[in-house]
Undergrad: 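Have a look at this one before I ask anything.
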There are 2 protein chains.
Amino acid sequence: MNMGIERISSGDLGESMGLTASQIRQDYSCFGEFGQQGYGYNVVRLRAELATILGMEQKHTAIVIGVGNLGRALMENFHFESYGVVLTGGFDLNPALHGKIFGDVEIFPLECLKSFVKENPVSIAVLAVPQAVAQPLTETLSKLGIQGLWNFTNVEVKPCDSATMIVENVHFSDSLLALSYMISEEGDGTK
Amino acid sequence: MNMGIERISSGDLGESMGLTASQIRQDYSCFGEFGQQGYGYNVVRLRAELATILGMEQKHTAIVIGVGNLGRALMENFHFESYGVVLTGGFDLNPALHGKIFGDVEIFPLECLKSFVKENPVSIAVLAVPQAVAQPLTETLSKLGIQGLWNFTNVEVKPCDSATMIVENVHFSDSLLALSYMISEEGDGTK
DNA sequence: TAGATTGTTAATCGATTAACAATC
DNA sequence: TAGATTGTTAATCGATTAACAATC
């Protein structure tokens with residue numbers, strides 16, 4: 001996407017991201033001085049700087065564990081590449097899925113996980129399995145030396161003590177409860 | 001789920017939720033005194049109090065807009081009922097889906113949205129459509145008087161100015177970038 | 001009574017906002 | 001030069017943590 005915009009001010013940037021201009025400037029200044037007084041930020045330069053900071057040039061690799069509807073939705077619709085992540089495989093128990101291709105990426109049997117990870121370095125595992133197997137799989141993944149777990153199971157999971165895997169949770173339920181609560185408050189006259 | 005536990009202390013509760021005991025006690029005390037010194041919190045009482053506070057007794061109703069893989073995953077696998085929300089319909093453009101049932105809930109043509117909402121009060125719309133149509137649909141939904149939008153599109157959307165619809169975003173991308181960043185930091189020696 | 005654990009106050013921390021000199 | 005907009009400092013705000021008297 002190229003909208004032909006060369007420069008952008010912290011104010012505009014903030015508005016389009018739902019943040020204040022102050023917040024933008026303060027955050028960016030933690031990493032260096034990308035802007036110019038009286039001018040703003042050069043879009044191309046800014047993008048490059050941010051890519052570096054976020055480690056997007058590092059080309060992390062990811063695999064999807066559990067290819068149900070959610071796993072499949074992520075494989076087909078989520079633009080991993082836009083965030084510097086290359087999806088290299090999907091894993092599922094269901095034999096009907098093995099060999100299938102979703103979003104350019106093949107689905108393998110779960111038994112192949114260990115050997116796959118040995119041959120292809122994997123930095124991130126996307127966990128989209130039923131809750132019952134979330135914890136054991138987390139332990140397996142952490143033992144395989146995977147660095148990050150992107151957890152979509154709505155369950156708290158814990159890597160093995162010996163491992164340093166970082167867990168990032170996407171807890172739908174927290175988000176829905178927050179929304180329910182805000183709706184109820186709204187009509188309340190509370191606040 | 002009943003694990004036969006009658007009472008629980010703020011410490012245990014916090015540990016299992018990844019919060020501190022202080023945090024638990026302070027949060028609960030905003031809404032009243034549910035606990036007893038030297039005893040802790042009665043699990044049954046606590047659950048009842050929290051249900052009230054979170055408005056779960058309010059039985060919000062929800063519809064899913066866009067029944068691709070993600071919409072379908074939510075309809076089939078996410079336990080709306082556990083959070084006091086009743087799913088009453090799904091909507092999609094694709095005629096092949098019309099009349100299908102996912103997770104007990106029927107899929108209707110998008111054209112029927114307006115009349116459906118008039119006949120069945122809907123408090124929450126779950127937005128799981130392609131990014132290109134996210135904004136126009138948001139405006140439509142806000143005009144229909146829907147109170148909350150649960151936004152899965154990874155795009156910022158804005159209701160009509162005249163409407164009071166609350167938007168709760170589930171931005172996968174923020175979460176993935178955060179994970180990428182943490183992984184890169186990890187090995188760095190930074191920090 | 002002694003031990004446990006609350007509710008609440010005060011202290012700490014971090015994040016957001018406001019303000020403004022520096023300067024393009 | 002005048003206007004715009006940064007980077008940075010200081011002020012504000014809210015959320016988390018620590019501490020402890022109250023009390024079951």
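Remember, it's a predicted structure, so these values are computed and weren't measured experimentally. Atom set for the values below is all heavy atoms of this structure, side chains included, hydrogens, waters and symmetry mates excluded. Numbers restart at 1 for each chain; the letters A, B, ... are given by sequence-line order, proteins then strands.
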Undergrad: Hey, does the side chain of S22(B) come within less than 4.0 Å of dA18(D)'s phosphate (OP1/OP2), counting only N and O?
TA: no
Undergrad: Using purine N1 to pyrimidine N3 plus N6-O4 or O6-N4 for Watson-Crick, or N1-O2 and O6-N3 for G-U wobble, both under 3.5 Å, which nucleotide pairs with dA10(D)?
TA: dT17(C)
Undergrad: Could you check whether the rings of W150(A) and F80(A) sit parallel, tilted or perpendicular, using 30° and 60° as the cut-offs?
TA: perpendicular
Undergrad: Could you tell me whether the phosphate oxygens of dA4(C), OP1 or OP2, come under 4.0 Å of any side-chain nitrogen or oxygen in R7(B)?
TA: no
Undergrad: Could you check whether F34(A) gets within reach of a base, just the sugar-phosphate, or nothing at all, counting any heavy atom under 4.0 Å?
TA: sugar-phosphate
Undergrad: If only side-chain N and O atoms of Y39(A) are considered, is one of them under 4.0 Å from the OP1 or OP2 phosphate oxygen of dG7(D)?
TA: no
Undergrad: When rounded to the nearest 0.5 angstrom, what distance separates CG in L177(A) from CE in M182(A)?
TA: 10.5 Å
Undergrad: Rounded to the nearest angstrom, tell me the gap between atom OH in Y28(B) and atom P in dT16(D).
TA: 14 Å
Undergrad: Distance from N120(B) atom CG to T61(B) atom OG1, nearest 0.5 Å?
TA: 8.0 Å
Undergrad: Could you state the interatomic distance from CG (L87(A)) to CD (E76(A)), rounded to the nearest 0.5 Å?
TA: 11.0 Å
Undergrad: Take the protein atom CD1 of I24(B) and the nucleotide atom C1' of dT17(D), then report the distance between them rounded to whole Å.
TA: 13 Å
Undergrad: On DNA chain C, does the nearest nucleotide to T20(A) precede the nearest nucleotide to G32(B) from the 5' side, or the other way round? Give the residue.
TA: G32(B)
Undergrad: Across all strands, who's sitting opposite dC24(C) as a Watson-Crick or G-U wobble pair, both distances under 3.5 Å?
TA: dG3(D)
Undergrad: When you check the phosphate oxygens OP1 and OP2 of dT6(D), does a side-chain N or O of Q36(A) lie under 4.0 Å from one of them?
TA: no
Undergrad: How many whole angstroms separate atom OH of Y41(A) from atom P of dA4(D)?
TA: 18 Å
Undergrad: What is the separation between atom CG on L46(B) and atom C1' on dT6(C), rounded to the nearest whole Å?
TA: 13 Å
Undergrad: Establish, for the pair R45(A) and F34(A), whether the NZ or CZ atom is under 6.0 angstrom from the six-membered ring centre and no further than 45 degrees off its axis.
TA: no
Undergrad: Of the nucleotides dT8(D), dT6(C), dT8(C), which one has an atom closest to the side chain of E33(A)?
TA: dT8(D)
Undergrad: Hey, can you tell me if F108(A) and F116(A) have their rings parallel, tilted or perpendicular (30° and 60° cut-offs)?
TA: tilted
Undergrad: Within the structure, does a side-chain N or O atom of S10(A) lie under 4.0 Å from either OP1 or OP2 of dT6(D)?
TA: yes
Undergrad: Using the 3.5 Å cut-off, write out each protein N or O paired with an N or O of nucleotides 9-14 of chain C and the distance between them.
TA:
from	atom 1	to	atom 2	distance (Å)
dT9(C)	O4	Q26(B)	NE2	3.1

Undergrad: Using whole Å, report how far CZ of R25(B) lies from P of dA18(D).
TA: 12 Å
Undergrad: Return the CD1 to OG distance between I24(B) and S29(B), rounded to the nearest 0.5 Å.
TA: 11.5 Å
Undergrad: Just the rounded figure in Å: distance from P of dT8(C) to CG of D27(B).
TA: 13 Å
Undergrad: Can you establish whether the number of heavy atoms outside E15(B) located under 6.0 Å from its atom CD is more than 12?
TA: no
Undergrad: Provide, to the nearest angstrom, the distance between the CZ atom belonging to F31(B) and the P atom belonging to dT8(C).
TA: 14 Å
Undergrad: From the set dT6(D), dT16(C), dT17(D), return the single nucleotide nearest to any side-chain atom of S9(A).
TA: dT6(D)
Undergrad: Give the rounded distance in Å between these two atoms: CG of D12(A) and P of dT5(D).
TA: 8 Å
